[in-house]
4 protein chains.
Amino acid sequence: MNRNSTQAFSAPVTARGQRTRQKLVDAAEAIFGEKGYEAASIADITRKAEVALGTFYVYFPDKKTLFVEVVDNLGDRLRDELGRAVEGISDRVEVERTGLRAFFRFIQEHRLMYRVVRQAEFVDEACYRRYYQRFAEPYAHRLEAAMDEGLVRRIDPETLAWCLMGIGDFLGMRYVLWRHEKQLERALDAAMDFIEHGIVVGGPAPARKKTPSPRARRAPSRSPKT
Amino acid sequence: MNRNSTQAFSAPVTARGQRTRQKLVDAAEAIFGEKGYEAASIADITRKAEVALGTFYVYFPDKKTLFVEVVDNLGDRLRDELGRAVEGISDRVEVERTGLRAFFRFIQEHRLMYRVVRQAEFVDEACYRRYYQRFAEPYAHRLEAAMDEGLVRRIDPETLAWCLMGIGDFLGMRYVLWRHEKQLERALDAAMDFIEHGIVVGGPAPARKKTPSPRARRAPSRSPKT
Amino acid sequence: MNRNSTQAFSAPVTARGQRTRQKLVDAAEAIFGEKGYEAASIADITRKAEVALGTFYVYFPDKKTLFVEVVDNLGDRLRDELGRAVEGISDRVEVERTGLRAFFRFIQEHRLMYRVVRQAEFVDEACYRRYYQRFAEPYAHRLEAAMDEGLVRRIDPETLAWCLMGIGDFLGMRYVLWRHEKQLERALDAAMDFIEHGIVVGGPAPARKKTPSPRARRAPSRSPKT
Amino acid sequence: MNRNSTQAFSAPVTARGQRTRQKLVDAAEAIFGEKGYEAASIADITRKAEVALGTFYVYFPDKKTLFVEVVDNLGDRLRDELGRAVEGISDRVEVERTGLRAFFRFIQEHRLMYRVVRQAEFVDEACYRRYYQRFAEPYAHRLEAAMDEGLVRRIDPETLAWCLMGIGDFLGMRYVLWRHEKQLERALDAAMDFIEHGIVVGGPAPARKKTPSPRARRAPSRSPKT
DNA sequence: CATGAATGAGATTTCATTCAT
DNA sequence: AATGAATGAAATCTCATTCAT
């Protein structure tokens, strides 16, 4: 059925080739973000990149491969940008606030691309997970280090990392993607208040609590210390 | 193209018709969850529903309309289920914990359908937003009421609602969809610890802090250097 | 990669469907014969059949399947036609002559189709072999029966069948396909002369010769019996 | 489209150029045999020849031209090889046997290329006919000469040549290409028996029978029953 | 109400060929 | 002479939707 050859895929490596390839990646970023993975056609991408249709297949074996590359690129850039943003900040709370702010700025600047990631789930699940896990793991490690230094309360670091990512993601969707940016700063402050102190009224954080059995914690916080 | 919700479309209303319609909705739920919106064909759905291809168009004007109905159904059911789960619980923290747990159970039981929602963004954005806003608004109201009663610290309720939704969403993805359910309870406890008390070590929750101007907070306030 | 469903292919079975299907098969016969397998496009076939392009895929999963069906059809018809032609003829030589003549007539009437078979080798080798073997086997059996009755000299029947098929095929190519039909009858007579008596001058057929060792037969025919 | 053989095409003539050209022809031989004309791509050929894609068009104006050259080469080599094989053999029957054997050996050694010829029919019919006619004509002449010398019965030489070619072709397909080589010698003996003496039992070859009118021969002449 | 054959626009992908280097 | 990036026409195949029964 498939009379394909057995050679691996190989794309041009000259400078000119690199330029063409980049044009395609950039165009894909824009088109995927605008229309979504399925609705974006190769023709859309090559038209935007101002190359011929066939040129696409000189550089990528198929649409999915390019999509995965675009998503991975996005992840790399986001990671680098956030890393740069919080570099040198020692106050842990300030790291979170700055990181969150940098994340929102990144979304603002790559509004279209950000939407693309959600699509990845049905295109290439591995790539989808990779996108989130690439952050979650180092994030958890840094949080754990902060806990060791006494800068953050001791909470299972992995869970905490995913909670904070969820907060960032949803606020980004609500206040950046959906264009309510006037409320963004207010929301950021409110979120930081929540992240710092939680929802419980007046309670100090319990000191050394190991994750308790769920039942035992029914009445948790009314400790005299408050 | 845009025959939105004001459809001049009229479908059978007999009992038999209702049954056929339901078969289609149920089948669509399964197929959309399994394959995603684009990859799911009408033929897939009618085959699963055990009706003829043409019957689809007796009940729905097009594929998108059915998809939107499925997503809306999903949202309604989730809302109802969570509502039922926390009904009658007075302890606010317990409401959160129970709600989170009910949400995870819902995902477990509708693993495929959960994935459908993310697809909605590029199919019908209104429906996608509706899905989240339907929760966010009442949630914010209930949180505000709890604040009024002094059960929850005063934080911008809308922001808080989206933060909590983000936490639930990401933990659900990480610990339910990605099948690490053995860690689910531990993660739930850790998350509740975070939600209750935040990340800051030992500090009491500040009483009445109004959202400060962003610039003013550049350096953490307790620093005389500012 | 391939999000195909797992259901087997199923084509319409109504009378109308049968008619459409036949139109496609007939058109394919003509187009394949005219252009060859590769050069014949689905669009060519549906255009000739006067149906829409998509209709093709209602009846056949792909081009190859239709091609195989066409070749198999051709083989069936040829077999039936030759069978009918020689039915009731008792003189064995006359059977050969009549069969050859019927074969030539078949080619004349299905000139295009006949060319198709040669293409099958690269399309579906099984189908290609089937085409020839379907004849070779019963042919060899009938020849063997004729040998048992003393109507034909005893020669390995399978080899003999393939020799006779080769003769028919090449004469058909030379004198029918290549349009030298004026010479056809003369060629038929010459071929029959050869088939009946071989090329050796004056020699009677050796009576009971079992297939001798190749070396031993170096000087074969100058036996006194001649 | 029709730049047939009178090409205004000029290729490099240096020694280096000749080497490159030969690499391409050799590679094409292999690739065409393996994949068939249509499925073989220029890229396949240049990859195998270890030259750049563009180099192809330095030596050949298009794919078809190279294919025709390959087929013609094949024909030339086969003719030469068979010529060499029977050189100096005086016994006519032995010439046939040796020629057949040499043909089979040629197929064995160029198994893939043999298949190429059948493809030629739809690529370039002239080349296809040329392939067979190049043999048929000298073959017929030699047979006629043998008849003049009384070594072979007098049968229309052209017809006889095509019959013998058909026999060789079909036996080659059946017993060499389809890998039943263990039976090859036996088949060769059986075929020679048939070729020498025909199928008719015991009968002496009729002496001077001119091709009779077809109608007159309806009933075999020796049968009183008619 | 229900059916399912028919439609055709549109998507992906291949590859012979060109041409600037 | 040789290169290989770029081209775009053309082919296969899918599927939402229509409509006659």
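Please read these numbers as outputs of a predicted model, since none were measured by experiment. Atoms considered below: every heavy atom in the structure, side chains included; atoms not considered: hydrogens, waters and symmetry mates.
Separating the C1' atom of E/dC1 from that of F/dT21 is a span of 13 Å, rounded to the nearest Å.
Checked by atom type, the side-chain pair D/R118/C/Y128 shows a donor-acceptor distance below 3.5 Å.
For the side chain to side chain donor-acceptor pair (under 3.5 Å) test, no residue two or more places apart in sequence or in another chain qualifies with A/Y57. For C/E125, the salt bridge (charged side-chain N to carboxylate O under 4.0 Å, His left out) partners at least two apart in sequence or on another chain are C/R129. The side chain to side chain donor-acceptor pair (under 3.5 Å) search around C/Y59 returns none, not counting sequence neighbours. Scored by the salt bridge (charged side-chain N to carboxylate O under 4.0 Å, His left out) test, C/R47 finds C/D44 as partners (sequence neighbours excluded). With sequence neighbours left out, the side chain to side chain donor-acceptor pair (under 3.5 Å) criterion links A/Y114 to A/D169. Evaluation of the salt bridge (charged side-chain N to carboxylate O under 4.0 Å, His left out) rule for A/R130 yields A/D72 as partners, not counting sequence neighbours.
Using a 4.0 Å cut-off, no side-chain N or O of C/Y57 falls inside it from OP1 or OP2 of F/dT14.
If you measure from atom CD1 of C/I45 to atom P of F/dA11, you get 12 Å, rounded to the nearest angstrom. Rounded to whole Å, the distance from NZ on C/K64 to P on F/dA11 is 20 Å. The interatomic distance linking C/D44 (CG) with F/dA10 (P) rounds to 12 Å, in whole Å. In this structure, CZ of B/F67 is placed 14 Å from P of F/dA16, rounded to the nearest angstrom. Atom CZ of C/F60 is separated from atom P of F/dA11 by 20 Å (rounded to the nearest Å). Look at CD1 on A/I31: it is 15 Å from C1' on E/dA11, rounded to the nearest Å. Rounding to whole angstrom units, CZ of residue B/F32 and C1' of F/dA16 are separated by 12 Å. Distance B/R47 CZ to E/dG4 C1': 13 Å, rounded to the nearest Å.
Atom CD of B/E38 sits about 9.5 Å away from atom CZ of B/F32, to the nearest 0.5 Å.
Within the structure, side-chain hydrogen bond (donor to acceptor under 3.5 Å, both in side chains) contacts touching residues 21-31 of chain A (residues at least two apart or in different chains) are A/R21-A/E69, A/Q22-A/D26, A/E29-A/R77.
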**Nucleotide pairing, DNA chain E (Watson-Crick or G-U, distances under 3.5 Å), in dot-bracket with [ ] and |** = .||||||||||||||||||||
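The 5' end of DNA chain E is approached more closely, in terms of each residue's nearest nucleotide, by B/A15 than by the other of B/A15 and A/A40. For C/A39 and D/T14, each mapped to the nucleotide of DNA chain F holding its nearest heavy atom, the one lying further toward the 5' end belongs to D/T14.
With E/dA5, F/dT12, E/dT12 as the choices, the nucleotide that has an atom nearest any side-chain atom of C/I42 turns out to be F/dT12.
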Pairs: protein N or O with nucleotides 6-10 of chain E N or O, under 3.5 Å:
{"residue": "E/dA6", "atom": "OP1", "partner": "C/T20", "partner atom": "OG1", "Å": "2.4"}
{"residue": "E/dA6", "atom": "OP2", "partner": "C/Y59", "partner atom": "OH", "Å": "2.1"}
{"residue": "E/dT7", "atom": "OP2", "partner": "C/A52", "partner atom": "N", "Å": "2.9"}
{"residue": "E/dT7", "atom": "OP2", "partner": "C/T55", "partner atom": "OG1", "Å": "2.5"}
{"residue": "E/dG8", "atom": "N7", "partner": "C/G54", "partner atom": "N", "Å": "3.1"}

